[in-house]
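Since the structure comes first, as structure tokens, the remarks are kept for the end.
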Amino acid sequence: RKEVEQDPGPFNVPEGATVAFNCTYSNSASQSFFWYRQDCRKEPKLLMSVYSSGNEDGRFTAQLNRASQYISLLIRDSKLSDSATYLCAVTSSWGKLQFGAGTQVVVTP
Amino acid sequence: GAGVSQSPSNKVTEKGKDVELRCDPISGHTALYWYRQSLGQGLEFLIYFQGNSAPDKSGLPSDRFSAERTGGSVSTLTIQRTQQEDSAVYLCASSGAGASMGGQYFGPGTRLLVL
């Protein structure tokens, strides 16, 4: 089993709609969690950290469920520019980040 | 401020040649990471530096791969006797005091093509 797993998608989302997807992790000792966004042929860019109490940044909401060992990302009022691959990242030992393979989101007009 | 920079942006080489990839992290970042990403694939961890030492080299695919970091700043990843399967985007990232402290910031990558 992979340490960090994501549904590869694609999630096809009409513009203005809400989309949400999860990322599961296997190491119960994981401490830090992040969402990254990666555009085609570009490097991953840090989107947001995920805090235990959940956190919001504009149209993006991240949540952590330690009991079930998953994090989630919700995008409200989707824009065409939100089309990208979203990578989750989870710390394992020494703070090493384990990345998921990514969830592709395609926002359509 | 300046982000992570990498050079060259693109590198085309012939099978069997050696290549050197360079990473210049964000100023003040003590942790530096190398990853590679093949087309359509996820990130593959290669090596992690804390300062000049490499506590985790577990991701290096073979002994043809090596990396060093000097002065707690610039790092070079060297691939000896390149093979076609080495073709990928090599990404460098840096962070404050370990990845748990606010995440990692990536450079634009070096696209390596081995013919």
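The sequence lines fix the lettering, A, B, ..., with proteins before strands; numbering per chain opens at 1. What's counted below: heavy atoms across the whole structure, side chains too, no hydrogens, waters or symmetry copies.
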Flag if over 12 foreign heavy atoms under 6.0 Å of CD, B:E85: yes
Heavy-atom side-chain contact between A:R41 and B:R111 under 4.5 Å: yes
Please set out all donor-acceptor pairs under 3.5 angstrom arising from side-chain atoms of residues 101-109 of chain A, sequence neighbours excluded.
| residue | atom | partner | partner atom | Å |
| --- | --- | --- | --- | --- |
| A:T103 | OG1 | A:Q6 | NE2 | 3.3 |
| A:T103 | OG1 | A:D7 | O | 2.6 |
| A:T108 | OG1 | A:V13 | O | 3.4 |

Atom CG of B:L115: over 12 foreign heavy atoms under 6.0 Å: yes
Under 3.5 Å side-chain donor-acceptor pair for A:Q38 and B:Q37: yes
Co-membership, hydrophobic cluster, residues A:F21 and A:L64, 4.5 Å side-chain: yes
Top of B:L43, B:V4, B:L39, B:L91 for chain A proximity - count of heavy-atom pairs under 4.5 angstrom: B:L43
A:Q63: side-chain hydrogen bond (donor to acceptor under 3.5 Å, both in side chains) partners, not counting sequence neighbours: none
Qualifying residue, where the test is ring pair (Phe, Tyr, Trp, His ring centres under 6.0 Å) with A:F99 and the options are B:Y35, B:F45, B:Y33: B:Y35
Worked verdict on A:Y36 versus B:Q104 for side chain to side chain contact (heavy atoms under 4.5 Å, CB included): CA-CA 10 Å; A:Y36 284 77; B:Q104 298 174 14; 3.6 Å; yes
